[in-house]
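These notes are about the structure you will find just below.
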There are 2 protein chains.
Amino acid sequence: MARAGVTPQRLTEAGAELADEVGFDQVTVSELARRFGVKVASLYSHVRSSHDLKTRIALLALEEMADRVSDALAGRSGKEALAAFADAYRAYARAHPGRYAAARYRLDPDTAAASAGVRHARMMRAVLRGYHLAEPDRTHAVRMLGGIFHGYVELELSGGFAHTPVDPEESWNWIVDSLDAQLRAHRASPASEE
Amino acid sequence: MARAGVTPQRLTEAGAELADEVGFDQVTVSELARRFGVKVASLYSHVRSSHDLKTRIALLALEEMADRVSDALAGRSGKEALAAFADAYRAYARAHPGRYAAARYRLDPDTAAASAGVRHARMMRAVLRGYHLAEPDRTHAVRMLGGIFHGYVELELSGGFAHTPVDPEESWNWIVDSLDAQLRAHRASPASEE
DNA sequence: GCAGCAACCTAAAGGCTTTAGGTAGCGGCG
DNA sequence: CGCCGCTACCTAAAGCCTTTAGGTTGCTGC
């Protein structure tokens with residue numbers, strides 16, 4: 001019988017695809033085996049466990065998202081950079097809800113430290129450089145932006161905004177504008193530059 | 001043999017307890033049966049399905065959270081109300097992570113419409129009354145606050161702030177302060193009151 | 001005191017994960 | 001060219017979860 005040519009990479013790719021189709025928590029080794037026309041047990045030669053598979057998908061998603069954000073950020077600073085980050089983030093989540101959910105899969109500390117998650121953090125801080133915040137304000141701001149980007153996108157994705165007839169796009173832009181204003185207002189009070 | 005005295009209410013309560021102990025997505029009809037010293041199939045007389053059980057837990061959590069927020073809001077307005085809402089919300093999530101996750105379980109539209117979720121929305125809008133925002137700013141603000149409260153709490157709960165040595169409490173207060181300032185800045189530009 | 005309604009049970013099917021151990025393509029070496 | 005061995009893929013089986021069907025039995029009220 002012909003071999004299916006399964007590899008961890010192809011599995012991860014297909015898993016990400018599947019996540020976008022049916023939701024990340026419906027991603028299952030069994031379903032993947034089905035799609036590859038292969039018996040379930042066979043996949044365990046390529047992937048250690050279901051958790052391992054999900055971790056790989058998460059890492060892929062983090063990587064992809066970081067790439068998008070990185071591209072969006074290129075050559076921009078200040079409010080432009082903030083908006084570019086925000087929009088890239090949200091766009092990715094909307095285009096790839098399953099992968100986005102995967103990116104929020106809990107990784108163990110070592111894996112997380114080696115993931116593209118650190119690029120996200122670095123980029124966020126880079127965006128904030130344009131606002132000249134002193135510590136600990138900068139950390140507060142990172143957390144605020146991380147929280148709202150994630151929270152807004154998740155609420156939007158889960159249909160939480162369906163009740164109200166206001167374009168989520170419009171709200172998003174309003175929020176980004178507000179955040180920009182708010183951050184500018186926080187500009188390091190004394191002349192304490194970084 | 002003595003009867004265990006299972007009721008939908010007790011199941012829901014125990015399910016919420018279990019969620020806080022092991023995480024909402026580890027809540028299982030089987031485990032609950034074990035805890036009640038009863039065979040799994042027996043629970044299906046009290047609960048329609050696993051999904052039904054989870055829905056009940058979600059409704060309970062929404063109710064409890066709305067109660068806490070409602071208590072916190074009593075007699076407050078303006079920034080005080082904003083902070084009370086925020087703190088009550090975050091405190092509930094920290095005290096009951098499993099229930100908090102349950103509260104985010106996706107409900108079908110009818111169930112959602114009959115849930116305490118609408119109280120949440122009403123209270124949020126009530127808080128914003130203190131800032132005299134005109135539509136659609138008010139909706140934008142609701143979404144911003146909803147997003148950030150949820151997003152921040154989720155990031156904090158998932159350990160996302162562990163890397164940085166800044167007290168999450170401090171960041172939270174900073175964020176609430178910022179949001180307050182930001183909302184005050186948005187005060188209905190013309191004299192267009194509600 | 002017993003009739004009947006729940007509450008609880010056994011049985012069974014079907015899905016997912018994971019491990020153990022067998023079979024057979026296929027690339028490379030003699 | 002052939003056959004050797006690696007490894008991709010397979011069968012089998014155990015364990016856990018959900019859900020349905022249909023049988024007992026405890027309790028409550030007449």
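A, B, ... follow the sequence lines: proteins, then strands. Residue 1 opens every chain. If you're wondering where the values come from, they're calculated on a predicted model, not measured in any experiment.
The aromatic rings of A/F24 and A/Y105 lie perpendicular to each other, with more than 60° between the two planes, well past the 30° mark. Note: B/F161 and B/Y152 have tilted aromatic rings, judged against thresholds of 30 and 60 degrees for the angle between ring planes.
Minimum atom distance to the side chain of A/S42 is reached by D/dC10, of the listed D/dT19, D/dC10, C/dT18. Which of D/dT11, C/dC8, D/dT18 sits closest to the side chain of A/K39 comes down to D/dT11. Candidate nucleotides D/dT11, D/dC9, D/dC17 were compared by shortest atom distance to the side chain of B/S30, and D/dC17 ranks first. Among the nucleotides C/dC8, C/dT18, D/dC9, the one closest to the side chain of A/V38 is D/dC9. When each of D/dA21, C/dT19, C/dT18 is scored by its nearest atom to the side-chain atoms of B/A41, the top-ranked nucleotide is D/dA21.
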With Watson-Crick and G-U wobble geometry limited to distances under 3.5 Å, how should the secondary structure of DNA chain D be encoded in dot-bracket form, using | for bases paired to another strand and [ ] for crossing pairs? ||||||||||||||||||||||||||||||
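When each of B/V40 and A/V27 is assigned the nucleotide of DNA chain C bearing its nearest heavy atom, the one mapping closer to the 5' terminus is B/V40.
Under a 4.0 Å N-O distance rule, the pair A/K79/A/D177 qualifies as a salt bridge. For the pair B/R35 and B/E21, the salt-bridge criterion is met [side-chain N within less than 4.0 Å of a carboxylate O]. Taking the charged nitrogens against the carboxylate oxygens, A/R125 and A/E135 do have a contact shorter than 4.0 Å, which makes a salt bridge. Between A/D67 and A/R119 there is a salt bridge, with a side-chain nitrogen of the basic residue lying less than 4.0 Å from a carboxylate oxygen of the acidic one.
A/V6 comes within contact range of the sugar-phosphate backbone alone, with a heavy-atom separation under 4.0 Å but no base atom that close. Among the atoms of the strands shown, only primed sugar atoms or phosphate atoms (P, OP1, OP2) are found under 4.0 Å from some heavy atom of A/T28.
When the P atom of D/dA8 is taken as reference, atom CG of A/L43 falls 12 Å away, rounded to whole Å. The distance between atom CZ of B/R10 and atom P of C/dC8, rounded to the nearest whole Å, is 9 Å.
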